[in-house]
Undergrad: 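The following block contains the structure, expressed as structure tokens.
All chains are named by letter (A, B, ...) in the order of the sequence lines, taking the proteins before the strands, and each is independently numbered beginning at 1.
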There are 4 protein chains.
Amino acid sequence: MVKKDKPKYKQIVDAAVIVIAENGYHQAQVSKIAKQAGVADGTIYLYFKNKEDILISVFQEKMGMFVSKLEEILSRDIKASEKLGLMIESHFSLLANDVHLAIVTQLELRQSNTEIRVRINGVLREYLILMDKILVSGMENGEFDKTMDIRLARQMVFGTMDETITTWVMNDHKYDLVELAPKVHRLLMKGMRT
Amino acid sequence: MVKKDKPKYKQIVDAAVIVIAENGYHQAQVSKIAKQAGVADGTIYLYFKNKEDILISVFQEKMGMFVSKLEEILSRDIKASEKLGLMIESHFSLLANDVHLAIVTQLELRQSNTEIRVRINGVLREYLILMDKILVSGMENGEFDKTMDIRLARQMVFGTMDETITTWVMNDHKYDLVELAPKVHRLLMKGMRT
Amino acid sequence: MVKKDKPKYKQIVDAAVIVIAENGYHQAQVSKIAKQAGVADGTIYLYFKNKEDILISVFQEKMGMFVSKLEEILSRDIKASEKLGLMIESHFSLLANDVHLAIVTQLELRQSNTEIRVRINGVLREYLILMDKILVSGMENGEFDKTMDIRLARQMVFGTMDETITTWVMNDHKYDLVELAPKVHRLLMKGMRT
Amino acid sequence: MVKKDKPKYKQIVDAAVIVIAENGYHQAQVSKIAKQAGVADGTIYLYFKNKEDILISVFQEKMGMFVSKLEEILSRDIKASEKLGLMIESHFSLLANDVHLAIVTQLELRQSNTEIRVRINGVLREYLILMDKILVSGMENGEFDKTMDIRLARQMVFGTMDETITTWVMNDHKYDLVELAPKVHRLLMKGMRT
DNA sequence: AATGAATGAGTATTCATTCAT
DNA sequence: TATGAATGAATACTCATTCAT
């Protein structure tokens, strides 16, 4: 059993999400995270190399949910358009159901220093690669415009989703994010379809 | 003559952009900005309330350029679609011509704490309101889809632009950003037109 | 059978010498000593009260070799001057043959806090008392200057030996220490003889 | 006026000597030194690069006194033997008159890590070089034994002085150190003279 | 207006020691 | 006996801001 599988590892990661969401990135001291996790400060360092390592782990662990979900969607035998719709909906849904996580990924974690953000982008890349697969398959089977610049299309999809979620978080999630998913899907589809 | 019109005010704002772009947000100490501006540390505080105030002023001053340009575009007697195209092009163009500023607005300033970013969003709102005007006029005159959710449309436009610029900055601006403007315009138009 | 006679006691003391010599006093953590000794961290505390106790034990155990040797020399039926010569030679010889030990006693153990060093001096006293016996017997039988201040004489003998060994250790023991013994002996004898 | 000449520099160095002597090396926190010096913690760092830098400066500043005194003695037109006597006496005298300093140089500073001690040894070398000059001139003019190993002789002189002072400090300086100077001188001279 | 020396609050990390198994 | 996971106290250094000159 490796460290990641031990219960305290998950305890600490989850505690970090809560502490960062509630206190903000710059006020998320290691001692606060330890207290929230119900362990001693020193225990943190049995599971994580340093504070930076906690933050990256938060992103890795949580982003893993998105990637898994997306892989599952990709494996289905449905149209690319439908896959895109499911991706948007499940992405919105996961964050709408965990407001703490939404705050952390959309606002707080972006305050980390450039080095951490570069490593976070590495984790993100996996997600974007899967997104590209949907776009490519849709272009190949004629659902999406074959002449589309794939990078621009992906930037539109991801940029729109990101901006939509961030706006929702910044407005204190006072409206229903998941409800917006089909509308976003329709808007993006119109831009991309043949 | 108010403080903003005094030469040192501008000196300090410009120094801040350079220092942040070259050293990163977290390494942009007040003393470095003072040195770059050629003034004493204490002098900064004759023109700015605190460090936070410098950062917001950077955004205000520079965002002003974008707003002025956009107002000029809005005043022209051309189609909404053309206005959108010009907005994208001039936005990309201004940042492509000032890489320091692009780094600061797309990467570094986002590392500031949530409070500063909320205030920066306040500054940004002016720009977004003008953007909305283009969208509304386009919807009214039938150029754009009348059934479109205006907020979603704006999030798509802004999100796509933002993501495109950020990707360009993160890739060390090794390709031509301005060249992408018409492509982005076309993609967005397809999504929004009637 | 007391603790000191158990095999693990010696294992741990020897491990401490190696770890301190190779890593330096300040990098000789209990966990490293435990690992080197092939026991668990907690096991250390079955044999030693605390870390300080290990360090003093190192000195006690090793200093024992010097004391035994010196007792043996004292028991011989030879002149005080010869005893002094043998003491110097065997002292130099023991350290020259265990460079780890030399590093530990001359450099590393002196970095310990004042309290430990006071206790180490207690251990050292036994050795100095034997040294005094040589000096006193030499003064009594007319070999050494009867008017000599015994304490000063001992400080000269010990100070010279110590300084000579420390210089040798600090120069990475690149010359032969034992070879210096007769020279040191001659120099000291000249200072002390009638 | 460089930093070393500013009053606060000396204030801090002197405060460090007192704090280290009274609390021990490992309990001499920067904040304690600052408090003793009557400055803020941060002020320390306007004059010293880091804590290590304070400690080395203590030794440099104070050792400077010994070196100056020794240079003055060397410049006199007297016999080498007399120079040696004056050196011992003034060395003992300076430390006897500043017990804090004696504690720091003989006990506390030796607890510093190897890197600091290497740098301290560099400072010490200057003193030893001057000491060598006395020995060499004495050997050349026939006062001292021409066949003497110069390094051993220096180790005897320095080792005896060091051991004598350390013993005095460890015995809580309850006897008169300066009074021992002529005796130490006589003992050493006997060992070295022709 | 301008200076810049001085301030002092705030925090990640290590490691000797314990104790349930 | 032996283990090793868990503990938690303790500290150097940075840098935004002030204020006497």
Undergrad: Hey, is the main chain of Val30(D) close enough, under 3.5 Å, to the side chain of Lys51(D) for a donor-acceptor pair?
TA: no
Undergrad: Can you tell me which nucleotide in dT17(E), dC15(F), dT13(E) comes closest to the side chain of Val30(A)?
TA: dT13(E)
Undergrad: Among dA2(E), dT7(F), dG4(E), which nucleotide has an atom closest to any side-chain atom of Thr43(A)?
TA: dT7(F)
Undergrad: Taking CD from Glu52(D) and P from dT11(F), how many angstroms apart are they, rounded to a whole number?
TA: 18 Å
Undergrad: Both distances below 3.5 Å, Watson-Crick or wobble geometry, any strand: find the nucleotide opposite dA1(E).
TA: none
Undergrad: Output the single nucleotide from dT11(F), dG8(F), dC13(F) whose closest atom is nearest the side chain of Gln27(D).
TA: dT11(F)
Undergrad: Any idea which of dT3(E), dA16(E), dA16(F) is nearest the Leu46(B) side chain?
TA: dT3(E)
Undergrad: Does the structure show a Watson-Crick or G-U wobble partner for dA12(E), both distances under 3.5 Å? Name it, or say none.
TA: dT11(F)
Undergrad: Under a 3.5 Å limit for both distances, which nucleotide forms a Watson-Crick or G-U wobble pair with dA5(F), could you say?
TA: dT18(E)
Undergrad: Just how far, in rounded Å, is P of dC15(F) from NE2 of His26(A)?
TA: 14 Å
Undergrad: Verify the contact: side-chain N or O of Lys35(B) to OP1 or OP2 of dG4(E), cut-off strictly under 4.0 Å; return yes or no.
TA: no
Undergrad: Indicate the atoms forming the closest heavy-atom contact of Gln111(B) with Asn113(A), along with that distance.
TA: OE1-CA, 3.7 Å
Undergrad: Give the nucleotide from the list dA12(E), dA9(F), dT11(F) with an atom nearest to the side chain of Asp41(A).
TA: dA9(F)
Undergrad: Do Glu108(A) side-chain atoms and Ala21(A) backbone N/O form a donor-acceptor pair below 3.5 Å?
TA: no
Undergrad: If the threshold is 4.0 Å, N to carboxylate O, is there a salt bridge linking Glu61(B) and Lys10(B)?
TA: no
Undergrad: Identify, between Tyr45(B) and Tyr47(C), the residue whose nearest nucleotide on DNA chain F lies closer to the 5' end.
TA: Tyr47(C)
Undergrad: How do Ala40(A) and Gly42(C) order along DNA chain F: which one's closest nucleotide is nearer the 5' end?
TA: Gly42(C)
